[in-house]
Amino acid sequence: MLNEVFYHGSSSNCGIEFMLKPPVETEMLSEEGRKKNLDQVFFTKDLGLAKVYAGRACNRFGGEQKLYRVITMSEVATLSEKEGASVYHCGWAFVEEIKLS
């Protein structure tokens, strides 16, 4: 998946600076009741879907929507490659904030 562009949407209240860390480390989990993959971070190829996830995070934690470009540093696994609903995950990743206009 070299040269792939991935995105992550979150809330300003989640404390993401330059690294995306899994919920097992941050104790931040936007999907209430999720018990699986707590050692993984999730992201998408679809910027629109990342915006949806940012909205969900803000609904749960408050704050402002934040979008990030994800720079993966470990093996990426595919959860879904459906167009408009692509979801991938790995143990951690670097991120770079995308300014919303």
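Below, all heavy atoms of this structure are taken into account, side chains as well, without hydrogens, waters or symmetry copies. Just so it is clear, the model here is predicted, and its values are computed rather than measured.
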(request) Report whether V41 and Y68 are members of the same hydrophobic cluster (ILVMFWY, side-chain heavy atoms less than 4.5 Å apart, transitive linking). (result) yes

(request) Identify the two heavy atoms, one from E64 and one from C58, that lie closest to each other, and give their separation to 0.1 Å. (result) C-SG, 3.4 Å

(message) Distance check, rounded to the nearest 0.5 Å: S10 atom OG versus E97 atom CD?
(response) 10.5 Å

(message) Are there over 12 heavy-atom neighbours, none belonging to E25, within less than 6.0 Å of that residue's CD?
(response) yes

(request) First locate atom CD of Q65, then atom CZ of R56, and finally report the distance between them rounded to the nearest 0.5 Å. (result) 12.0 Å

(request) Hey, could you give me the NZ/OG1 distance between K45 and T78, rounded to the nearest 0.5 Å? (result) 7.5 Å

(message) Are I16 and F18 linked, directly or through intermediate hydrophobic residues, by side-chain heavy-atom contacts shorter than 4.5 Å (ILVMFWY only)?
(response) no

(request) Mind listing the closest non-hydrogen atom pair of G63 and N13 along with its distance? (result) N-ND2, 3.2 Å

(message) Ignoring hydrogens, what is the shortest heavy-atom contact between L79 and H89? Give both atom names and the distance.
(response) CB-CD2, 4.3 Å

(message) Strictly distance-based, threshold 3.5 Å: is any side-chain N or O of S80 a donor or acceptor partner for the main-chain N or O of V87?
(response) no

(message) In this structure, would Y53 and V70 fall into the same cluster of hydrophobic residues linked by side-chain contacts under 4.5 Å?
(response) no

(message) Just verifying a value: how many Å separate F94 CZ and M73 CE, rounded to the nearest 0.5 Å?
(response) 5.5 Å

(request) Provide the closest heavy-atom pair for K21 versus T26 in the form atom of the first, atom of the second, distance. (result) CB-CG2, 3.7 Å

(request) First locate atom CD of E4, then atom OH of Y88, and finally report the distance between them rounded to the nearest 0.5 Å. (result) 6.5 Å

(message) Can you tell me how far apart OH (Y7) and CZ (R69) are? Round to the nearest 0.5 Å.
(response) 8.5 Å

(request) For the pair T44 (side chain) and L49 (backbone), establish whether a donor and an acceptor sit closer than 3.5 Å, ignoring hydrogens and angles. (result) no

(message) Using the rule given for side chain to side chain contact (heavy atoms under 4.5 Å, CB included), can you reason through C90 versus F43, listing the C-alpha separation, both sets of side-chain angles and the distance that settles it, and then say yes or no?
(response) CA-CA 9 Å; C90 65; F43 40 90; 3.6 Å; yes

(request) Return the minimal non-hydrogen interatomic distance between V95 and M19, and the atom names on each side. (result) CG2-N, 3.8 Å

(request) Mind listing the closest non-hydrogen atom pair of D46 and S86 along with its distance? (result) N-OG, 3.8 Å

(request) Tell me, please, which residues at least two apart from E17 pass side-chain hydrogen bond (donor to acceptor under 3.5 Å, both in side chains). (result) none

